[in-house]
2 protein chains.
Amino acid sequence: MRKYQNNPFNCAVVRTVNYIGGKWKPILLIRLLPGSVRFGKLASQIPDISRKILTQQLKELEEDGLIIRTEYKEKPPRVEYELSERGKTLMPILKAMYDWGVQMEDPETRGTWDPVIPEK
Amino acid sequence: MRKYQNNPFNCAVVRTVNYIGGKWKPILLIRLLPGSVRFGKLASQIPDISRKILTQQLKELEEDGLIIRTEYKEKPPRVEYELSERGKTLMPILKAMYDWGVQMEDPETRGTWDPVIPEK
DNA sequence: CTCATTGGTTACTTAAATGTTACTACTTTT
DNA sequence: AAAAGTAGTAACATTTAAGTAACCAATGAG
């Protein structure tokens with residue numbers, strides 16, 4: 001997403017898709033709902049995403065003003081990510097998209113709104 | 001969109017993005033809001049989309065059950081596309097995404113909810 | 001008979017998104 | 001001294017989405 005979609009009509013809906021679309025961004029935004037989470041925790045909760053892509057997606061979300069990155073200068077480095085105020089305004093939309101997506105879902109393989117994977 | 005996104009968490013939000021996301025689908029869905037439109041009219045209203053891509057996107061939307069394609073056996077062929085009932089259920093979401101996208105917009109280059117281009 | 005119109009299709013190409021692997025600097029633990 | 005944890009980065013490769021150009025069959029108009 002993002003540069004990829006050059007949005008020839010400057011359509012506001014396409015613009016929104018460009019902000020939140022893609023394979024990982026909805027999952028990241030949902031995971032940040034409860035509060036700030038550090039990089040390593042995201043990486044372990046979402047094992048299928050490579051660290052490079054995780055970094056990149058988080059950076060895009062930060063550049064787009066949807067999340068805030070805070071770096072704590074500690075002995076082993078610590079970086080926390082959290083939703084910005086603007087990011088929080090996406091929640092009603094994500095919830096509506098969630099509800100619609102659930103309707104379209106194969107009931108056999110149902111996901112969850114906040115699909116927490118048990119940590120090792 | 002679609003095959004591209006393999007949605008590893010089976011996230012309902014990602015699923016919804018896969019249905020409506022992409023460079024052209026929101027624009028097509030919005031144009032079908034007022035009622036059925038024929039292929040050629042879509043093509044002329046959206047000059048930036050090639051016929052191949054237009055055909056392909058419409059076919060995906062039809063396969064996904066969001067629009068209905070009706071072929072009239074006439075002398076010059078006529079094909080009309082319209083929203084299905086399921087497609088109509090997307091409207092609140094598209095409207096919410098529109099409203100959010102408008103907030104994020106550069107006011108200098110504002111688009112419209114139904115960006116009708118004057119026909120030749 | 002030739003040309004235009006309609007709604008496409010086919011083969012090929014480009015561009016964008018995502019993925020893999022290896023590597024880093026620093027510090028603490030063993 | 002060696003190993004492990006943190007949050008990455010760089011170079012490269014693959015997969016998917018989107019675009020281009022050329023073509024087609026049936027009919028009707030001129």
Side-chain angles (χ1 to χ4, degrees), chain A residues 1-9 11 14 17-28 36-64 67-82 119-120, chain B residues 1-9 11 14 17-28 36-64 67-82 119-120:
Chain A
M1 288 299 180
R2 288 188 84 217
K3 269 190 312 205
Y4 181 56
Q5 307 282 356
N6 52 10
N7 200 358
F9 275 85
C11 171
V14 174
V17 170
N18 291 351
Y19 275 100
I20 68 176
K23 184 168 177 177
W24 301 111
K25 282 182 183 172
I27 292 165
L28 292 174
S36 76
V37 183
R38 56 190 297 187
F39 182 86
K41 192 164 186 184
L42 285 170
S44 69
Q45 287 178 337
I46 313 175
D48 288 347
I49 191 174
S50 71
R51 299 188 138 231
K52 183 209 147 189
I53 299 295
L54 177 55
T55 303
Q56 174 190 303
Q57 301 289 304
L58 289 168
K59 189 177 294 178
E60 287 185 8
L61 289 170
E62 192 204 0
E63 286 171 1
D64 287 343
I67 67 174
I68 294 165
R69 176 183 187 275
T70 310
E71 198 171 339
Y72 297 89
K73 294 290 184 189
E74 294 178 0
K75 0 226 176 141
R78 178 161 68 102
V79 178
E80 301 248 2
Y81 292 91
E82 61 186 318
E119 302 169 50
K120 304 154 197 170
Chain B
M1 287 298 182
R2 287 186 86 217
K3 272 191 310 206
Y4 180 57
Q5 306 282 356
N6 53 9
N7 200 357
F9 275 85
C11 171
V14 174
V17 170
N18 291 350
Y19 275 100
I20 67 175
K23 184 167 175 178
W24 300 110
K25 283 182 182 172
I27 291 165
L28 292 174
S36 76
V37 183
R38 57 190 299 188
F39 180 86
K41 193 163 184 183
L42 286 171
S44 69
Q45 285 179 338
I46 312 175
D48 287 348
I49 192 175
S50 72
R51 300 187 139 231
K52 184 210 147 189
I53 300 296
L54 178 55
T55 303
Q56 174 191 304
Q57 301 289 305
L58 288 168
K59 190 178 292 177
E60 288 185 8
L61 289 170
E62 191 204 359
E63 286 170 2
D64 287 343
I67 67 174
I68 295 166
R69 176 184 186 274
T70 311
E71 198 172 337
Y72 297 89
K73 293 292 183 190
E74 293 177 2
K75 10 247 176 118
R78 178 161 70 101
V79 178
E80 299 249 3
Y81 292 90
E82 62 186 318
E119 301 171 49
K120 305 155 195 168

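Letters A, B, ... are given to chains in the order of the sequence lines, protein chains preceding strands, and every chain is numbered from 1. When reading the values below, keep in mind they use all heavy atoms of this one structure, side chains included, and skip hydrogens, waters and symmetry mates.
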Nearest-nucleotide 5' precedence on DNA chain C, A/Pro77 against A/Ile49 = A/Ile49
task = Grab the NZ-P distance between B/Lys52 and D/dA22 for me, whole Å please.
result = 16 Å
ask   = Would a 4.5 Å heavy-atom cut-off, applied to side chains only, mark A/Leu58 and A/Phe39 as touching?
value = yes
ask   = Starting at CZ of B/Phe39 and ending at P of C/dT6, how long is that distance when rounded to a whole Å?
value = 11 Å
query = A/Lys23 side chain N/O closer than 4.0 Å to the phosphate oxygens (OP1, OP2) of C/dG19?
reply = yes
message = Check this one for me: any side-chain N or O of A/Arg38 less than 4.0 Å away from OP1 or OP2 of D/dG8?
response = no
note = A/Lys41 atom NZ is separated from D/dA7 atom P, nearest whole Å, by 12 Å
query = Parallel, tilted or perpendicular: which describes the rings of B/Phe9 and A/Trp24, with under 30° parallel and over 60° perpendicular?
reply = perpendicular
task = Measure from the side-chain heavy atoms of A/Ser50 and tell me the nearest of D/dG19, C/dT20, C/dT6.
result = C/dT20
inquiry  = Just the rounded figure in Å: distance from P of D/dT6 to CD of A/Glu80.
reply    = 13 Å
ask   = Within a strict 4.5 Å, meaning less than it, do heavy atoms of the B/Thr70 and B/Glu82 side chains meet?
value = yes
query = Which residue lies toward the 5' end of DNA chain D, A/Thr55 or B/Glu74, if each is placed at its nearest nucleotide?
reply = A/Thr55
key: Length of the line joining A/Ile53:CD1 and D/dT15:P, which is rounded to integer Å   = 14 Å
query = Could you give the distance from CG (B/Leu61) to CD (B/Gln56), rounded to the nearest 0.5 Å?
reply = 10.5 Å
inquiry  = In this structure, how many angstroms lie between the C1' atom of C/dG8 and the CD atom of B/Gln56, rounded?
reply    = 13 Å
key: NZ-CG distance between B/Lys23 and B/Leu28, expressed to the nearest 0.5 angstrom   = 12.5 Å
inquiry  = Does D/dA18 have OP1 or OP2 under 4.0 Å away from a side-chain N or O of B/Arg51?
reply    = no
ask   = Across the strands shown, which category fits A/Gln57 at heavy-atom distances under 4.0 angstrom: base, sugar-phosphate, nothing?
value = sugar-phosphate
inquiry  = Need one value for A/Tyr81: base, sugar-phosphate or nothing, where a base atom within 4.0 Å counts as base even if backbone is also close, heavy atoms only.
reply    = sugar-phosphate
